[in-house]
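Before any comments, here is the structure.
Protein chains get the first letters and strands the later ones, always in sequence-line order, with residue 1 at the start of each.
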Protein chains: 2
Amino acid sequence: MTSEALGQCLGAHPVVVRRTMGLLREAGLVSAERGHNGGWRIAADLETVSLRQLHIVLGEPALFAVGHRNEAPECLVEQAVNAALEGTFAEAEALLMARFADVTLADLARDFARRHAERRTRQE
Amino acid sequence: MTSEALGQCLGAHPVVVRRTMGLLREAGLVSAERGHNGGWRIAADLETVSLRQLHIVLGEPALFAVGHRNEAPECLVEQAVNAALEGTFAEAEALLMARFADVTLADLARDFARRHAERRTRQE
DNA sequence: TCTCATGTAATTCTATATGTTACGAATAGG
DNA sequence: CCTATTCGTAACATATAGAATTACATGAGA
């Protein structure tokens, strides 16, 4: 699949697709070929790639939109809030990571196939 | 405490402080007085106000930085990912909310007092 | 050799949060 | 009563991050 086509599907610009896919390529999850009939190809076993692995490969972006703004704040109030919640965020992160690890690309592919079949059935 | 002074503590502009504190005022958690010797005053029992209540009062900002970008996407892949993770995010949110509900302003005040005393001891 | 693709750097665009300015209204002190 | 102070709020400016765009080089195949 070309970056152009992927960009259409994702609603994103081809160059943005290349930037992101580049991270997956460096991790060996996909390969890219240039020129005629080139594009992106899956290079890993779907059964063994989990969402957790993708999260790591994509640079472990922050999971939470709230919480620790400074890791070691001067402000004693901020320190108190951080202390009260740091265990909580660690717990929530562990939960999310465990669940991410439990979902493989193969799982998603199976669910996709099911939804695709259902959509075709409904259209007939 | 004036918005000016609060802004100093928070490293924020007084008008921004007023904007945010205004939400707390509407919820009855603080009161504001204008003119000489005016400013903000706590108007609630610290023992009964939890971080969860603050989160609600401040407009329930998004907790997660990742996840559902569209609630009802056309894309079947996105649908499959959402379906695989929606329970997970709900669980994590419930966990965070439960913990937030468990921390009162009084708890934070006590921890603040402890840290303040400790800092003074260390400085002597 | 020409076209199609990726690879990547540099620049521009855009959306959001914050900062800033401005002015009105209320309050206390002189 | 007048003035300084402080909140209330709208309007505008700025900063920031992410995405989009442009530009150009590289490689592959017809």
Side-chain angles (χ1 to χ4, degrees), chain A residues 1-44 51 54-71 73-75 77-78 81-82, chain B residues 1-44 51 54-71 73-75 77-78 81-82:
Chain A
M1 211 169 168
T2 66
S3 302
E4 181 71 34
L6 267 174
Q8 292 276 326
C9 295
L10 296 168
H13 197 278
V15 176
V16 176
V17 172
R18 287 193 200 108
R19 278 205 281 260
T20 304
M21 294 295 284
L23 297 171
L24 302 186
R25 174 170 43 74
E26 287 167 19
L29 301 181
V30 300
S31 63
E33 276 169 30
R34 308 200 229 203
H36 277 279
N37 301 322
W40 301 96
R41 204 171 293 276
I42 293 172
L51 292 185
L54 289 188
H55 179 251
I56 293 169
V57 163
L58 294 177
E60 303 198 59
L63 292 173
F64 300 108
V66 295
H68 293 38
R69 304 188 62 161
N70 303 315
E71 208 49 54
E74 179 81 13
C75 171
V77 175
E78 199 171 350
V81 174
N82 282 356
Chain B
M1 212 167 169
T2 66
S3 302
E4 180 71 33
L6 267 174
Q8 292 275 327
C9 295
L10 296 167
H13 197 277
V15 176
V16 176
V17 172
R18 286 193 201 108
R19 278 207 279 258
T20 304
M21 294 295 283
L23 297 172
L24 302 186
R25 175 171 43 74
E26 287 168 19
L29 300 181
V30 301
S31 62
E33 276 170 29
R34 308 202 230 203
H36 276 280
N37 301 321
W40 300 95
R41 204 170 293 275
I42 292 171
L51 292 185
L54 289 187
H55 179 251
I56 293 169
V57 163
L58 294 177
E60 305 200 57
L63 292 174
F64 301 108
V66 294
H68 292 38
R69 305 188 63 163
N70 303 316
E71 208 48 56
E74 180 81 13
C75 170
V77 176
E78 199 171 351
V81 175
N82 283 356

Quick one: Arg41(A) CZ to dA28(D) P, roughly how many Å, whole number?
15 Å
Looking only at the side chain of Val16(B) (C-beta and beyond, no hydrogens), which of the listed nucleotides dG7(C), dG19(C), dA20(D) gets closest?
dG19(C)
Gap between atoms CG and C1', on Leu10(A) and dA19(D) respectively (whole Å):
13 Å
Output yes when at least one side-chain N/O atom of Arg25(B) is less than 4.0 Å from OP1 or OP2 of dT9(D), else no.
yes
By nearest nucleotide on DNA chain C, pick out whichever of Ala32(A) and Glu33(B) is the more 5' one.
Ala32(A)
Can you tell me how far CG of Leu54(B) sits from CG of Leu24(B), rounded to the nearest 0.5 angstrom?
6.5 Å
Starting at atom CD of Glu4(A), determine the distance to atom P of dA20(D), rounded to an integer number of angstrom.
13 Å
Here the distance between atom P of dA19(D) and atom CG of Leu23(A), to the nearest Å, is 12 Å
Side chains of Glu26(B) and Leu23(B): does their closest heavy-atom pair fall under 4.5 Å?
yes
Under-3.5 Å donor-acceptor pair between His36(A) side chain and dT3(C) base
yes
Measure from the side-chain N and O atoms of His55(A) to the backbone N and O of Pro61(A), and report whether any donor-acceptor pair falls under 3.5 Å.
yes
N/O (side chain, Thr2(B)) to phosphate O (OP1/OP2, dT6(D)) under 4.0 Å:
no
Nearest whole angstrom, please: distance from the C1' of dT6(C) to the CG of Leu24(A).
15 Å
Looking at Arg18(A), does any N or O in its side chain come under 4.0 Å of the phosphate oxygens OP1/OP2 on dG7(C)?
no
Between Asn37(A) and Pro14(A), whichever has its closest DNA chain D nucleotide further toward 5' is Pro14(A)
Would you please confirm or rule out a distance under 4.0 Å between OP1 or OP2 of dT21(D) and any side-chain N or O of His13(A)?
yes
Any chance CD1 of Ile42(A) has more than 12 other-residue heavy atoms, nucleotides or ligands included, within less than 6.0 Å?
no
Take atom CG of Leu58(B) and atom P of dA17(C), then tell me their distance rounded to the nearest Å.
13 Å
For residues Glu4(A) and Gln8(A), determine if any side-chain heavy atom of one lies less than 4.5 Å from a side-chain heavy atom of the other.
yes
Taking the nucleotide of DNA chain D with the nearest heavy atom to each, does Arg34(A) or Gly39(B) sit closer to the 5' end?
Gly39(B)
Indicate, with a heavy-atom threshold strictly under 4.0 Å, whether Gly7(A) touches base, sugar-phosphate, or nothing.
nothing
Could you please name the option among dT21(D), dT27(C), dC4(C) that lies closest to any side-chain atom of Arg19(A)?
dT21(D)
